Protein chains: 2
Amino acid sequence: MYEDLKYWYLRDHKLFRTLSYSQIKQLCIITGFKKASKGEIIYFSTSDIPRIFLLKKGNIKIVAIDDDGNETIKDIIQKGDLFGELTLESDNKNEEYAKVLSDDVAICSFLMSDFEDLLLKNPTLALSYTKFVGLKMKRIKNSYANLISKDAKTRLYQFLKDWAEQEGIWSGNLVTIENYLTQNDIAQIICTSRQTATQLLNEMESKNLLNYNRKEIIITDITKI
Amino acid sequence: MYEDLKYWYLRDHKLFRTLSYSQIKQLCIITGFKKASKGEIIYFSTSDIPRIFLLKKGNIKIVAIDDDGNETIKDIIQKGDLFGELTLESDNKNEEYAKVLSDDVAICSFLMSDFEDLLLKNPTLALSYTKFVGLKMKRIKNSYANLISKDAKTRLYQFLKDWAEQEGIWSGNLVTIENYLTQNDIAQIICTSRQTATQLLNEMESKNLLNYNRKEIIITDITKI
DNA sequence: GGCTAAGTGTAAATTAGCCGACATTTTGCT
DNA sequence: AGCAAAATGTCGGCTAATTTACACTTAGCC
């Protein structure tokens with residue numbers, strides 16, 4: 001990996017726009033730059049030195065396994081997102097892994113300690129990062145608030161709305177979303193069973209609210225969702 | 001309010017331990033200092049200048065009202081907690097208010113902009129603050145992960161365990177918690193109906209797992225929860 | 001002290017949605 | 001092309017938990 005290319009990979013992220021070339025180069029001692037393709041599983045080996053990851057391309061999901069062996073989707077990471085121990089607090093006991101959803105992904109990573117040093121030397125970045133983490137928290141709070149005490153249908157609608165807002169291609173009230181999730185994934189995200197999700201999606205399709213297939217979801221009229 | 005007293009109110013918080021007297025004094029120029037008693041409702045008037053709050057004494061709950069008029073408990077704030085727009089990003093459309101749960105509370109507040117300035121001048125604080133927010137985020141994630149895909153009983157048990165850990169007075173396996181929540185509050189926190197919560201609590205009482213009254217909850221043997 | 005409102009106790013009817021058990025379709029692989 | 005595996009579609013029974021409805025108890029206030 002050429003230093004310059006690494007530089008651009010980071011520079012590209014809005015969080016790092018305030019940094020100078022030399023500052024980014026500092027981070028770029030980055031060991032990690034990784035490519036992976038659909039279905040691959042990436043472990044954040046707990047023994048390893050704590051890192052922060054930046055997804056440059058594609059989509060992945062973070063999955064946790066509880067004591068009973070149940071899979072729970074903890075997060076969907078999209079292009080441009082930072083992930084990993086954003087808390088800057090390493091956690092030893094997490095049984096988490098990432099699974100690649102899109103055709104292929106590119107991930108860069110850097111050491112948490114390097115990042116911390118950089119934050120200390122660069123107050124503006126520190127503030128941006130603080131806001132970034134805060135925003136992420138707000139998102140989580142909101143999405144959970146929606147999950148709970150609403151029924152499955154409402155949750156699905158809300159999820160689709162969010163998804164459309166984040167990634168949809170809009171033309172008027174018609175929104176097209178690239179669909180890299182299976183119905184099972186969607187079910188897990190909105191915390192319902194696969195069957196219920198399937199049923200609701202079909203119901204929506206028969207009401208002409210949307211058009212579902214494995215490649216894309218076309219929402220006929222976003223205002224009706 | 002004497003400057004020095006204000007100073008100590010802030011100084012006392014672990015987040016601000018890294019700051020010098022003069023730095024804290026800067027924040028103190030501000031500032032709201034408010035007392036309120038049980039049942040009182042505190043609005044974060046949206047028109048007002050954005051603030052960050054620090055709860056010095058007592059307990060409050062943050063309640064949100066959705067479009068249908070339903071109340072949802074968003075957060076329980078305990079002594080020493082920072083709250084408000086931790087994201088440092090003011091949000092115009094939140095229908096939130098705080099309700100005092102304990103007999104009385106003391107709250108100080110300072111302007112978000114002042115806090116931001118301080119963060120810029122003090123990267124170490126920024127880093128601590130980010131870690132603090134991150135930790136809070138992790139807590140939320142965990143507690144919500146517990147909320148979902150578990151039944152009401154499990155959620156109640158988990159909630160009691162958490163509560164005991166955070167605020168309980170331990171003597172061996174017996175834990176006493178000062179109870180400033182109603183059964184309705186508890187129900188809302190664990191996302192169930194009041195009746196179900198009542199039923200479960202009574203069931204636990206009849207099994208001698210705990211002892212519930214409006215003043216305190218005594219958990220007979222925390223290891224059995 | 002006595003009244004009112006808030007908090008708690010209990011029980012039956014109703015329902016959402018989970019679960020198991022399949023059939024069918026699509027995809028990827030050799 | 002042909003096969004296996006993954007994804008999707010569909011159904012009915014089952015169960016936890018919400019809802020509705022009402023009685024009782026406690027706390028706070030004049």
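These figures come from a predicted structure and were not determined experimentally.
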Undergrad: Could you tell me whether B/T196 contacts a base, only the sugar-phosphate backbone, or nothing, with contacts defined as non-hydrogen atoms closer than 4.0 Å?
TA: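 Result for B/T196 = base.
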Undergrad: Taking side chain as C-beta onward, heavy atoms only, is A/K153 less than 4.5 Å from A/E203?
TA: yes
Undergrad: Tell me whether the OP1 or OP2 atom of D/dA6 has a side-chain N or O from A/N184 closer than 4.0 Å.
TA: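 For A/N184, the contact criterion (side-chain N or O under 4.0 Å from OP1 or OP2 of D/dA6) is not met.
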Undergrad: Taking the side chain as every heavy atom from C-beta outward, state whether B/T176 and B/L174 have any pair of such atoms under 4.5 Å apart.
TA: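 A side-chain contact exists here, since the closest heavy-atom pair is under 4.5 Å.
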Undergrad: Find out whether B/L181 and B/F159 are in side-chain contact, i.e. whether some heavy atom of one side chain is under 4.5 Å from a heavy atom of the other.
TA: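 Yes, close enough: below the 4.5 Å cut-off.
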Undergrad: Please pick, from D/dT10, C/dC18, C/dT10, the nucleotide with the shortest atom-to-atom distance to any side-chain atom of B/R194.
TA: C/dT10
Undergrad: Could you tell me how far apart B/K150 (NZ) and C/dC18 (C1') are, to the nearest whole angstrom?
TA: 17 Å
Undergrad: Per the atom types in the model, does the base of C/dG20 pair as donor or acceptor with the side chain of A/Q195 at under 3.5 Å?
TA: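 Counting by modelled atom types and ignoring angles, a donor-acceptor contact under 3.5 Å is found here.
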Undergrad: Rounded to whole angstroms, how far apart are CD on A/E203 and C1' on C/dG17?
TA: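 About 13 Å, once rounded to whole Å.
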Undergrad: With a 4.0 Å cutoff (strictly under), does any side-chain N or O of A/T198 reach OP1 or OP2 of D/dA7?
TA: no
Undergrad: For A/F53 and A/F83, take the angle between the two ring planes, folded into 0 to 90°, and tell me which bin it lands in: parallel under 30, tilted 30 to 60, perpendicular over 60.
TA: parallel
Undergrad: With nearest nucleotides of DNA chain C determined for A/K38 and A/A152 from heavy-atom distances, which residue corresponds to the more 5′ nucleotide?
TA: A/A152
Undergrad: Do B/W163 and B/N179 come within less than 4.5 Å of each other through their side chains, counting heavy atoms only?
TA: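 Answer yes - side chains close enough.
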Undergrad: Kindly compute the distance separating CD1 (B/I190) from CG (B/D185), expressed to the nearest 0.5 Å.
TA: 11.5 Å
Undergrad: Compute the bend angle of the helix from C/dG1-D/dC30 to C/dT30-D/dA1 from the end axes (five pairs per end), rounded to 10°.
TA: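 Helix axis angle between the two ends: 50°.
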Undergrad: Is any NZ, NE, NH1 or NH2 atom of the basic residue among A/K161 and A/E165 found under 4.0 Å from an Asp or Glu carboxylate oxygen of the other?
TA: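 Salt bridge between A/K161 and A/E165, a charged N being under 4.0 Å from a carboxylate O: no.
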Undergrad: Out of C/dG9, D/dG9, C/dG17, which nucleotide sits closest to the side chain of B/N202?
TA: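 Output: C/dG9.
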Undergrad: Using a cut-off of less than 4.0 Å, is there contact between a side-chain N or O of B/Q183 and OP1 or OP2 of C/dG9?
TA: yes
Undergrad: Please determine if a side-chain N or O atom of A/S193 lies less than 4.0 Å away from the OP1 or OP2 oxygen of C/dG17.
TA: no
Undergrad: Looking only at the side chain of A/R214 (C-beta and beyond, no hydrogens), which of the listed nucleotides C/dG7, C/dT26, C/dT10 gets closest?
TA: C/dT26
